[in-house]
A.B. asks: 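This is the structure, below, for whatever I ask next.
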Amino acid sequence: RVLITGCMGQIGVELIEALAARYGKGSVVCSDVSTPTKDNLDQFAPFYFCDVNDRERLQMIVDRENVTCIVHNAAFLSASAEQNVAAAVRLNTIGLFNVLEIAKRNHLRVFVPSSIAAFGPTTPLESTPNTTIQRPTTVYGIGKVYAELMGEYYALKHGVDYRSLRYPGILSYKTKPGGGTTDYAVHMFYYALQGEHYECYLQPDQKLPMMYMPDCIRGTMQFILDTKQEQLKERTYNIAAYSFSPIQLEQMIKKFIPSFSVSYRPDFRQGIAESWPRILEDDSARGDWGWGEEFNLEKTCRDMLVNLSKIIPNSVKLQN
Ligand code: VAH
């Protein structure tokens with residue numbers, strides 16, 4: 001069975017749905033440090049409240065639920081990690097270490113998301129290859145490099161089947177974003193549909209690699225469940241779909257909501273974003289295990305707006 005830590009997060013919520021669709025309801029074990037409400041508990045059941053720094057509790061869950069694979073999503077994202085360094089180091093590194101120790105002891109497969117944040121200002125940022133300089137300048141990014149290197153160490157020394165994907169920014173409408181630097185891209189859709197002006201915390205021309213959640217979920221399932229170890233030439237792969245800047249997204253949304261307006265007032269997150277790749281090169285993932293996106297930016301925008309307009313009351317009418 002698959003255990004998802006950080007199951008209440010942006011990716012966790014949708015990964016549970018995809019795994020349950022494939023293996024049946026209740027087939028996925030969920031854990032987080034925020035608890036589901038009574039009206040959505042069954043979506044996350046069986047659910048365990050678990051801080052991954054509590055190794056004994058994590059071991060109890062693995063034993064009791066016959067876990068064979070851990071998808072370790074529990075982490076502080078980039079912006080919130082900068083604001084809570086000690087807590088982020090505890091979760092993003094010690095928590096990761098606990099998961100690797102349990103995987104070694106119980107012969108589990110482990111998937112840990114990495115990120116474009118695992119690169120830094122000295123990395124070639126225009127088309128960042130799978131193997132290159134990684135000197136990130138954020139606590140979150142340093143934690144991701146630690147995870148990548150420790151995962152490879154456990155694979156090499158202890159035969160742990162460790163796998164990781166460097167995600168770009170992810171666009172989705174099923175959960176409200178929290179703590180990420182790329183989350184402006186989701187905020188824009190909410191403000192546009194609510195008929196509100198959006199003040200963006202990045203510069204208008206700050207290009208970043210992005211991807212739509214359905215592609216992220218499909219690619220992750222393919223990588224974790226349908227890819228044999230012998231296909232893997234790397235433990236960690238870049239995956240991406242497209243790149244855009246805030247002003248490009250503003251213009252794309254305006255095709256559907258011409259009245260939408262954005263102003264730009266960069267804050268500390270601009271410093272984070274400009275240290276990240278503009279374009280992620282993911283040829284290795286495409287060649288080694290068949291990664292490929294299905295949503296381009298226009299298709300993403302249309303799907304986001306159509307689905308969010310069903311969730312946001314009295315949302316602005318869409319054109320086109
Ligand atoms: C963040 N969405 O902004 C996350 C991600 C690509 C960045 O790791 O922190």
Side-chain angles (χ1 to χ4, degrees), residues 5-6 8-15 71-85 87-89 91-93 95-96 111-121 123 125 128 130 134 136-148 164-190 200-203 206-213 215-217 219-220 236-246 249 266-282 285 293 297 300 304:
T5 69
M8 308 278 282
Q10 180 190 23
I11 293 172
V13 166
E14 302 206 36
L15 202 50
V71 175
H72 180 47
N73 284 356
F76 273 82
L77 292 185
S78 58
S80 46
E82 289 305 294
Q83 293 167 321
N84 309 278
V85 173
V89 167
L91 174 56
N92 292 8
T93 53
L96 183 275
F111 174 79
V112 181
S114 185
S115 161
I116 55 174
F119 299 111
T123 303
L125 297 177
T128 303
N130 225 69
Q134 289 182 259
T137 50
T138 63
V139 167
Y140 173 70
I142 292 163
K144 287 306 184 188
V145 173
Y146 170 82
E148 290 183 18
S164 181
L165 294 174
R166 294 193 191 104
Y167 290 143
I170 306 293
L171 300 182
S172 67
Y173 60 84
K174 292 186 181 172
T175 54
K176 285 231 176 209
T181 297
T182 59
D183 293 338
Y184 86 85
V186 180
H187 295 148
M188 274 200 189
F189 288 94
Y190 279 87
C200 182
Y201 53 75
L202 297 185
Q203 280 167 346
Q206 185 60 53
K207 199 170 188 179
L208 288 169
M210 298 277 188
M211 177 189 299
Y212 196 32
M213 181 65 83
D215 279 332
C216 173
I217 297 300
T220 301
T236 300
Y237 285 89
N238 293 346
I239 59 168
Y242 40 72
S243 291
F244 57 76
S245 63
L249 184 60
D267 68 11
F268 77 97
R269 287 167 285 192
Q270 176 56 34
I272 294 176
E274 60 199 31
S275 73
W276 289 354
R278 322 275 184 261
I279 295 172
L280 208 52
E281 181 256 275
D282 57 6
E293 76 283 356
L297 179 54
T300 301
M304 282 282 288

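Both counts, for ligands and for their atoms, begin at 1 and track the order of listing.
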A.B. asks: Distance from T175 atom OG1 to M213 atom CE, nearest 0.5 Å?
C.D. replies: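 Atom-to-atom, T175:OG1 and M213:CE are 5.5 Å apart.
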A.B. asks: Report yes if T182 has an N/O atom closer than 3.5 Å to an N/O atom of ligand 1; otherwise report no.
C.D. replies: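 N/O-N/O distance below 3.5 Å exists for this pair.
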A.B. asks: Numbering the atoms of ligand 1 from 1, which are under 4.0 Å from a heavy atom of L77?
C.D. replies: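 By the 4.0 Å cutoff, the relevant atoms are 9 (O).
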A.B. asks: To the nearest 0.1 Å, how far is atom 3 (O) of ligand 1 from its closest protein heavy atom, and which atom is that?
C.D. replies: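 Result: T181 N, 2.7 Å.
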A.B. asks: To the nearest 0.5 Å, tell me how far S245 OG sits from R278 CZ.
C.D. replies: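 Here the rounded value is 11.5 Å.
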A.B. asks: Is there a side-chain contact between Y212 and M304, using heavy atoms and a 4.5 Å cut-off?
C.D. replies: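 A side-chain contact exists here, since the closest heavy-atom pair is under 4.5 Å.
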A.B. asks: Could you list the atoms of ligand 1 found under 4.0 angstrom from a heavy atom of P168?
C.D. replies: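 Once the distances to P168 are compared, the set is 6 (C).
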A.B. asks: Identify the closest protein heavy atom to atom 6 (C) of ligand 1: which residue and atom is it, and at what distance?
C.D. replies: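 Result: I116 CG1, 3.4 Å.
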A.B. asks: Checking R166 against E148 for the salt bridge (Lys or Arg N to Asp or Glu O under 4.0 Å) test, could you report, in this order, the C-alpha distance in whole Å, the side-chain angles of both residues, the deciding distance, and whether it holds?
C.D. replies: CA-CA 10 Å; R166 294 193 191 104; E148 290 183 18; 2.8 Å; yes
A.B. asks: Just checking, K176 and Y190: is the charged tip under 6.0 Å from the six-membered ring centre and within 45° of the axis?
C.D. replies: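 Yes, K176 and Y190 form such a contact.
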A.B. asks: Starting from atom 8 (O) of ligand 1, find the nearest protein heavy-atom neighbour and note its residue, name and distance.
C.D. replies: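 The answer is Y140 OH, 2.6 Å.
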A.B. asks: Is the shortest side-chain heavy-atom distance between V139 and N84 below 4.5 Å?
C.D. replies: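 No - every pair of side-chain heavy atoms lies 4.5 Å or more apart.
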A.B. asks: Does S164 use its side chain to pair, donor to acceptor, with the backbone of V112 at less than 3.5 Å?
C.D. replies: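 Checking the backbone N and O of V112 against the side chain of S164, a donor-acceptor pair under 3.5 Å is found.
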A.B. asks: For the side chain of Y140 and the backbone of N92, is there at least one donor-acceptor N/O pair under 3.5 Å apart?
C.D. replies: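 Not confirmed, Y140 side chain does not pair with N92 backbone.
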A.B. asks: G169 near ligand 1, heavy-atom distance under 4.0 Å?
C.D. replies: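 Yes, G169 has a heavy atom closer than 4.0 Å to ligand 1.
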A.B. asks: So which of Y184, Y167, F76, W276 gets nearest to atom 7 (C) of ligand 1, if we judge by its closest heavy atom?
C.D. replies: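 It is W276 that holds the nearest heavy atom.
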A.B. asks: Quick one: look at A79 and ligand 1, take heavy-atom pairs under 4.0 Å, and tell me if it's side chain, backbone, both or neither.
C.D. replies: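 Neither part.
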A.B. asks: Which atoms of ligand 1 have any heavy atom of S78 under 4.0 Å away?
C.D. replies: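 Numbered from 1, ligand 1 contributes 1 (C), 3 (O), 9 (O).
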A.B. asks: Given that the side chain starts at C-beta and the backbone is N, CA, C, O, which of these parts of S115 lies under 4.0 Å from ligand 1, counting heavy atoms, or is it both or neither?
C.D. replies: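 It is the side chain that gets close, since no backbone atom is under 4.0 Å.
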